[in-house]
Amino acid sequence: HGLTGGGMGGVLHIRQRADHAYLNETVISTTTDELIAATGSRYAAASPGERLHELKDRDTPSLMIGKPCDIAGARKAADRDPALDTKLGLTVAIFCAGAPYARATVEMAKTLGVANPAEIESIRYRGDGWPGNAVVTGTDNGIPASGSASYAESWGTMLQQHRQWRCYVCIDHTGEFADISVGDPWYREIEPGDPGRSLVIVRTERGRRYLADAMTAGCLDLERVGNELLPASQPNLLETRGSVWGRILALRLAGVPTPRYRGMATLRIWLRELSMEARVKSIGGTLTRIRRKRLRERVPVVEFDPVAYEAQASGSDPSAAN
């Protein structure tokens, strides 16, 4: 709708990288064909904010799709830069339970039959149904190979265990800084062949107007539901937010840098929603992770080199970096 009648000249989002399918790349789509070709969840590291500055030079406003942290960063940048604020026409956040490292996708592909990341041709994390299966296609030593796994197997056992530490101290999993948030309504059992629905949360007046226009244009079919559907659809959200308070407390006690949240209650939820055992675990478990994950150490930020990574993964260059 943004591209066909909603006044948006482009959509800033991510898609599967063409030359290395287990990675993402940030793009600005200007046609519906480009946008539709990139649809689908990508449970891997993504940084749409890296091209945010380009929106300032465009003739018309653009829409941005990203994780809650991406949208929060974009909102903060726009608040400081009037030129960007003018061109950031709308923000849409996807519900997020954490972003896995690239290693997670590579390990999943290996389990599903494509051992060498250089031989991965395409990855679908879910879809063709709700939530649908993860599907990996490629070759194994030149021989066509593919495999699939259910959503419970792929996300539940293969991917989420590799989430980056920053996600464990995040309290915004539903995009509270976006104009519109979209996620799965997991409030009921999924029947076989269920086409799926999305839970859409309007967070700003700008978002409300945009959705109303999209419905009028026939691009969306929505029905109003009660606010109670959000906690019913994402039952772990309150406990997760409360646990973060305990984790941040443990980090501060250990002298490790922490994020700082304002106006987003955590202590009250830690006290009300968590059992005593869960409270102790949120603090004690974090103290253990500080040592195991070496969170006190500074880690140099270096550009990821997929060629070197693939050489190392395939065993052709054991000394390759990363």
Side-chain angles (χ1 to χ4, degrees), residues 45-49 52 64-81 84-85 88 90-100 160 163-187 198-208 225-276 278-287 289-290 295:
S47 55
L52 188 64
M64 178 182 182
I65 303 171
K67 305 183 299 298
C69 57
D70 301 323
I71 302 302
R75 185 68 265 154
K76 199 162 191 175
D79 287 344
R80 296 185 177 192
D81 188 341
L84 176 61
D85 191 33
L88 190 60
L90 193 82
T91 55
V92 178
I94 57 173
F95 289 6
C96 178
Q160 69 168 330
R163 287 172 294 171
Q164 54 189 293
W165 171 250
R166 174 63 183 85
C167 300
Y168 285 88
V169 288
C170 173
I171 62 174
D172 181 13
H173 296 274
T174 62
E176 297 184 34
F177 293 91
D179 294 306
I180 300 168
S181 303
V182 183
D184 286 301
W186 300 124
Y187 67 95
S198 290
L199 179 62
V200 181
I201 301 177
V202 178
R203 297 194 179 277
T204 66
E205 176 60 23
R206 181 168 67 171
R208 187 197 65 78
V225 296
N227 292 339
E228 69 278 359
L229 200 64
L230 175 58
S233 298
Q234 304 286 330
N236 297 324
L237 286 180
L238 285 176
E239 183 177 345
T240 297
R241 177 169 286 194
S243 295
V244 170
W245 187 88
R247 292 168 188 161
I248 290 178
L249 174 62
L251 293 171
R252 287 175 177 167
L253 291 173
V256 178
T258 64
R260 181 167 51 188
Y261 300 110
R262 296 186 180 92
M264 304 176 79
T266 54
L267 174 58
R268 173 172 51 84
I269 296 175
W270 185 79
L271 292 171
R272 292 183 181 179
E273 301 293 335
L274 272 66
S275 65
M276 179 59 70
R279 291 180 214 161
V280 172
K281 185 177 179 181
S282 69
I283 298 174
T286 302
L287 292 173
R289 287 191 178 102
I290 290 172
L295 297 179

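Side chains are part of it too, since the values below use all heavy atoms of this structure and drop only hydrogens, waters and symmetry mates. By convention here, the first residue in the shown sequence is residue 1. Just so it is clear, the structure is predicted and the values come from calculations on it, not from any experiment.
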Smallest separation among heavy atoms of [X] and [Y], with atom names:
| X | Y | result |
| --- | --- | --- |
| Ile171 | Tyr261 | CD1-CG, 3.5 Å |
| Val244 | Cys170 | CG2-O, 3.5 Å |
| Gln234 | Asp184 | NE2-O, 2.8 Å |
| Ala178 | Thr204 | O-CG2, 3.9 Å |
| Ile283 | Ala250 | O-CB, 3.5 Å |
| Tyr187 | Ser233 | CD2-OG, 3.6 Å |

Open item on the list: Please tell me whether Thr174 and Arg203 have a donor and an acceptor in their side chains that are separated by less than 3.5 angstrom.
Closed with: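 Judged by distance alone, the side chains do pair up.
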Open item on the list: Tell me which pairs pass salt bridge (Lys or Arg N to Asp or Glu O under 4.0 Å) where either residue lies in residues 164-181, with sequence neighbours left out.
Closed with: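 Sorted result for residues 164-181: Glu176-Arg241, Asp179-Arg206.
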Hey, what do you get for [atom1] ([X]) to [atom2] ([Y]), rounding to the nearest 0.5 Å?
| X | Y | atom1 | atom2 | answer |
| --- | --- | --- | --- | --- |
| Leu90 | Ile180 | CG | CD1 | 4.5 Å |
| Arg75 | Arg80 | CZ | CZ | 12.5 Å |
| Lys281 | Met276 | NZ | CE | 15.5 Å |

Task: Side-chain donor or acceptor of His173 paired with backbone N/O of Cys96 under 3.5 Å - done: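 Yes; judged by distance alone, with no hydrogens or angles, the pair exists.
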Open item on the list: Heavy-atom count check: over 12 atoms from other residues, nucleotides or ligands less than 6.0 Å from Asp79 CG?
Closed with: yes
So do the side chains of [X] and [Y] get within less than 4.5 Å of each other, counting heavy atoms only?
| X | Y | answer |
| --- | --- | --- |
| Thr258 | Val256 | no |
| Trp245 | Val169 | no |
| Val182 | Leu199 | no |
| Leu295 | Leu251 | yes |
| Phe95 | Leu237 | no |
| Leu249 | Arg279 | no |
| Leu52 | Leu84 | yes |

All N/O donor-acceptor pairs, side-chain side in residues 262-274, below 3.5 Å, sequence neighbours left out:
| from | atom 1 | to | atom 2 | distance (Å) |
| --- | --- | --- | --- | --- |
| Trp270 | NE1 | Ser282 | OG | 3.2 |

Open item on the list: If the threshold is 4.0 Å, N to carboxylate O, is there a salt bridge linking Lys76 and Asp81?
Closed with: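 Salt bridge between Lys76 and Asp81, a charged N being under 4.0 Å from a carboxylate O: no.
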Task: side-chain hydrogen bond (donor to acceptor under 3.5 Å, both in side chains) partners of Ser47, counting only residues at least two apart - done: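 For Ser47, the residues satisfying side-chain hydrogen bond (donor to acceptor under 3.5 Å, both in side chains) (neighbours in sequence not counted) are Glu50.
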Open item on the list: Among residues at least two apart in sequence or on other chains, which ones pass side-chain hydrogen bond (donor to acceptor under 3.5 Å, both in side chains) with Glu205?
Closed with: Arg208
Distance-only check: which donor-acceptor pairs under 3.5 Å involve side-chain atoms of residues 64-73, not counting sequence neighbours?
| from | atom 1 | to | atom 2 | distance (Å) |
| --- | --- | --- | --- | --- |
| Lys67 | NZ | Ala46 | O | 2.8 |
| Lys67 | NZ | Asp70 | OD1 | 3.3 |
| Lys67 | NZ | Asp70 | OD2 | 2.9 |
| Asp70 | OD2 | Lys67 | N | 2.9 |

- [ ] May I ask you to establish whether Arg163 and Tyr168 are in a cation-pi arrangement, using a distance under 6.0 Å from NZ or CZ to the six-membered ring centre and at most 45° from the ring axis?
- [x]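 Verdict for Tyr168: a cation-pi partner in Arg163.
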Task: Sequence-distant partners of Arg289, salt bridge (charged side-chain N to carboxylate O under 4.0 Å, His left out), two or more places apart - done: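 For Arg289 there are no salt bridge (charged side-chain N to carboxylate O under 4.0 Å, His left out) partners, ignoring immediate neighbours.
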